[in-house]
Amino acid sequence: MDTPLSTIAVVGLGTMGTGIAEVLALAGREVIGIDISEAAALGAVASLEASTARAVGRGRITEEERAAALARFRTADTLQAAADAELVIEVVPESYEIKQQVFRELDAVVSPTAILATGTNALSVTRLAAESQRPERVLGLHFFNPAPAMKLVEVVSSVLTAPPAVEAVTTLARELGKEPVAVGDRPGFVADGLLFGYLNQAAAMYEANYASREDIDAAMKLGCGLPMGPLALLDLIGIDTARTVLEAMYAESRDRLHAPAPILGQLSSAGLTGRKAGRGFYTYDAPGGQDVVPDALTPAAGAEAGAGRAVASVGVAGSGTMASGIAEVFAKAGYGVVLAARTQEKADLAKGRIAKSLERSVSKGRLSAEARDETLARITAAGSLDAFAEVDLAVEAVAEDLEVKQQLFASLDKVCRPGAVLATTTSSLPVVAIARATARPEDVIGMHFFNPAPAMKLVEVVRTVLTADDVHATVRAVCAKIRKHPVDCGDRAGFIVNALLFPYLNNAIKMVEEHYASLDDIDAAMKLGGGYPMGPFELLDVVGLDVSLAIEKVLHREFRDPGLAPAPLLEHLVAAGCLGRKTGRGFREYARR
């Protein structure tokens, strides 16, 4: 099975098949594109001509290289054309019946040494291999869409796959300029296995009316640095395709996180499958269009929840990184800020941290020296909450401990003037439980900033069942003035971002526990295949394993879903004191500074 894989057949010339054919032809392979549809074959040729012309226009390839690539691509309407291929990659519809028929016919056509690869992302490679006369040459070769741009390729082995076949396609993937990741045979593999559970949870969150589609998508883009929100991504992938993948995952895992949200079935049955249909979670300018157009669910421009209260001064309680960052944000926006800590010394240190942050901004040319001085002059450091007597908005940023926060809010209730808005920055605790520590729970709301507060644009605005409408309107208006993007959500564990992020992180840990894939391969898969700025294990070590475990426990306790139970490996690492970068060791080891 030692073959150079110079002649390759691609069966199925839809978007993915055409993209794969383009990658292969540009890399010097002879490519046979096979599709029973003449229109699909003509479309593939036209697509390849157009995309290579764009590449020439952008200086990525020469006109000669384009001509040579086009000459290496030919189409056919029968599998007989694959007779001389050393590798066949099928990317026909996600159906066992269709794919098995293709494999049976290829058995009678191709050389005994040819490798047969399935492009499935949802079906069992082992089951498909079992239908072949030579299952040892069958494997999975999962490209990501768009294939010319996406670097990740998952190389999927079944228990029947011969190692030389794996080595051959892994070498090919590298020669194509891709990053191959070796994975075992289970629905979704690594990238989709983690991605689709997250997408499913987002669909369920929307279906439950917890947050709007716009707020869910904005929260995950701004809070996690993702290129697309989950609902927009479902529309891009195809809601019917996502449901098929989730059905396959649930059939194997029986994990409720993989049980397709009913709305996915409802939209699919109605033909609202996303961009390709012109409508899914959003409405598009045309079937296959990319531009979202307003529909009945689109928020009216400038619509807010009524008039709010006047805010001229802000109190920030706390002396840590988050408190300092929030105080800096408000002061930069022109608010007078009182930064209060348990002692004057701690408050002064916190203000000193802000001074250093502002100085860095000056040195990088982001802030003038005059603006730095004005910002710092707006901040008053205080060693007691008594300094909050006249503030219009009090924001706490102390330890994530319910009892600590309740005690602080009981103090704020006594100190702050009537009508002042009281906000908690909790990321996981029930806001209403904090509000009930006061005699004015209607004045209490959640303002969940993200770290580092000066840089992160998102604020989750968390209303309780007791929060007054004008308090909500006040905080939305304040967010606009401090140039943050507010998203509305109800008072439940995790709000939007953490409720979607941490089950995904937990599932990544479970993959490692099950020896399905390595830390490095999982991180690479999610960065290259999912567009994540950090892999899950990189992110866990940055966030802190103890913090992550605490959030996982809160989610599990509130939602009572067995699939949300913290992975034992996470608990063991925390018990061993391996908390991530801050201790020098978490899932990886770090050099001491």
Side-chain angles (χ1 to χ4, degrees), residues 152 154 181-202 220 223-226 230 246 249-250 252-259 400 427-428 493-494 497-590:
L152 180 67
E154 290 177 319
V181 170
V183 297
D185 181 24
R186 69 187 231 180
F189 313 129
V190 171
D192 286 352
L194 294 176
L195 178 64
F196 278 88
Y198 151 71
L199 296 177
N200 192 41
Q201 291 298 101
M220 298 314 292
C224 296
L226 299 179
L246 286 163
M249 291 171 64
Y250 181 67
E252 178 167 312
S253 71
R254 292 296 162 184
D255 186 334
R256 280 167 51 194
L257 296 176
H258 300 150
E400 192 72 349
S427 63
S428 60
V497 173
N498 286 348
L500 295 178
L501 174 64
F502 281 89
Y504 149 78
L505 296 174
N506 202 42
N507 284 338
I509 301 170
K510 291 176 182 177
M511 279 189 176
V512 170
E513 282 182 333
E514 295 164 6
H515 305 288
Y516 177 66
S518 69
L519 300 178
D520 291 342
D521 280 349
I522 293 173
D523 275 355
M526 297 317 296
K527 288 192 289 186
L528 299 173
Y532 283 69
M534 300 178 77
F537 297 100
E538 289 178 281
L539 182 56
L540 281 160
D541 279 352
V542 167
V543 170
L545 273 57
D546 52 340
V547 174
S548 302
L549 178 59
I551 294 172
E552 289 289 355
K553 285 181 175 179
V554 168
L555 292 172
H556 185 225
R557 186 165 59 245
E558 177 144 333
F559 295 107
R560 312 291 177 90
D561 188 330
L564 294 175
L569 177 57
L570 179 62
E571 295 186 300
H572 295 161
L573 287 169
V574 171
C578 301
L579 307 182
R581 285 186 176 270
K582 59 189 174 187
T583 60
R585 183 177 176 187
F587 283 98
R588 294 184 173 89
E589 291 192 22
Y590 302 90

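When side chains are defined from C-beta on, Asn200 does not count as touching Leu257, because their heavy atoms never get closer than 4.5 Å. Residues Arg186 and Glu514 form a side-chain contact, since some pair of their non-hydrogen atoms from C-beta on lies under 4.5 Å apart. Residues Met526 and Leu539 form no side-chain contact, since every pair of their non-hydrogen atoms from C-beta on lies 4.5 Å or further apart. Leu194 has its side chain within reach of Ile522: a pair of non-hydrogen atoms, C-beta onward, lies under 4.5 Å apart. Looking at Glu154 and Asp192, their side chains never come closer than 4.5 Å, going by heavy atoms from C-beta outward. Looking at heavy atoms from C-beta onward, Leu549 lies out of side-chain contact with Leu545 at the 4.5 angstrom threshold.
Pro533 approaches Leu226 most closely through the heavy-atom pair CD-CD2, 4.2 Å. The nearest pair of heavy atoms linking Leu579 to Thr583 is N-OG1, 3.0 Å. Of all heavy-atom pairs spanning Ser253 and His258, the tightest one is OG-ND1, 2.8 Å. Lys510 and Ala567 get closest at one heavy-atom pair: CG-CB, 4.1 Å. Across all their heavy atoms, Cys224 and Val497 have their closest contact at SG-CG1, 3.7 Å. Across Pro562 and Arg256, no two heavy atoms sit closer than the pair CD-NH1, 3.8 Å.
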message: side chain to side chain contact (heavy atoms under 4.5 Å, CB included), that's the test. Do Leu540 and Ile509 meet it? Break it down for me.
response: CA-CA 10 Å; Leu540 281 160; Ile509 301 170; 3.8 Å; yes
message: Applying side chain to side chain contact (heavy atoms under 4.5 Å, CB included) to Asp521 and Val190, what does each step give before you reach the verdict?
response: CA-CA 8 Å; Asp521 280 349; Val190 171; 6.0 Å; no
- request: Report the C-alpha separation of Val547 and Lys582 in whole Å, then their side-chain angles, then the decisive distance to 0.1 Å, and conclude whether the side chain to side chain contact (heavy atoms under 4.5 Å, CB included) test is met.
  value: CA-CA 12 Å; Val547 174; Lys582 59 189 174 187; 4.1 Å; yes
task: Give the C-alpha distance, both sets of side-chain angles, the deciding distance and a yes or no for side chain to side chain contact (heavy atoms under 4.5 Å, CB included) between Val512 and Phe537.
output: CA-CA 10 Å; Val512 170; Phe537 297 100; 3.3 Å; yes
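The main-chain N or O of Ala493 is never found under 3.5 Å from a side-chain atom of Asn498 such that the two would form a donor-acceptor pair. Proximity of a side-chain donor or acceptor of Arg560 to a complementary backbone N or O of Arg557 within less than 3.5 Å is detected. Remark: side-chain polar atoms of Asp546 are not paired, donor with acceptor, to backbone N or O of Val574 under 3.5 angstrom. For the pair Gln201 (side chain) and Ala499 (backbone), a donor-acceptor distance under 3.5 Å is absent. Tyr504 places no side-chain N or O within donor-acceptor distance of the main-chain N or O of Gly197, the cut-off being under 3.5 Å.
In this structure, Arg254 forms a cation-pi arrangement with Tyr250, its terminal cationic atom sitting closer than 6.0 Å to the ring centre and no more than 45° off the ring axis.
The structure places CG of Leu573 at 11.0 Å from OG of Ser548, a figure rounded to the nearest 0.5 Å. Annotation: the span from Phe189 atom CZ to Met511 atom CE amounts to 10.5 Å, rounded to 0.5 Å. Here CD1 of Ile551 is found 13.0 Å from CG of Leu564. Values are rounded to the nearest 0.5 Å. Distance check: Ser428 OG to Phe502 CZ gives 9.0 Å after rounding to the nearest 0.5 Å.
By the 30° and 60° cut-offs, the orientation of the rings of Tyr198 relative to Tyr532 is perpendicular.
Each of Asp523, Leu501, Asp541 was compared with Pro536 under the side chain to side chain contact (heavy atoms under 4.5 Å, CB included) criterion, and only Asp523 meets it.
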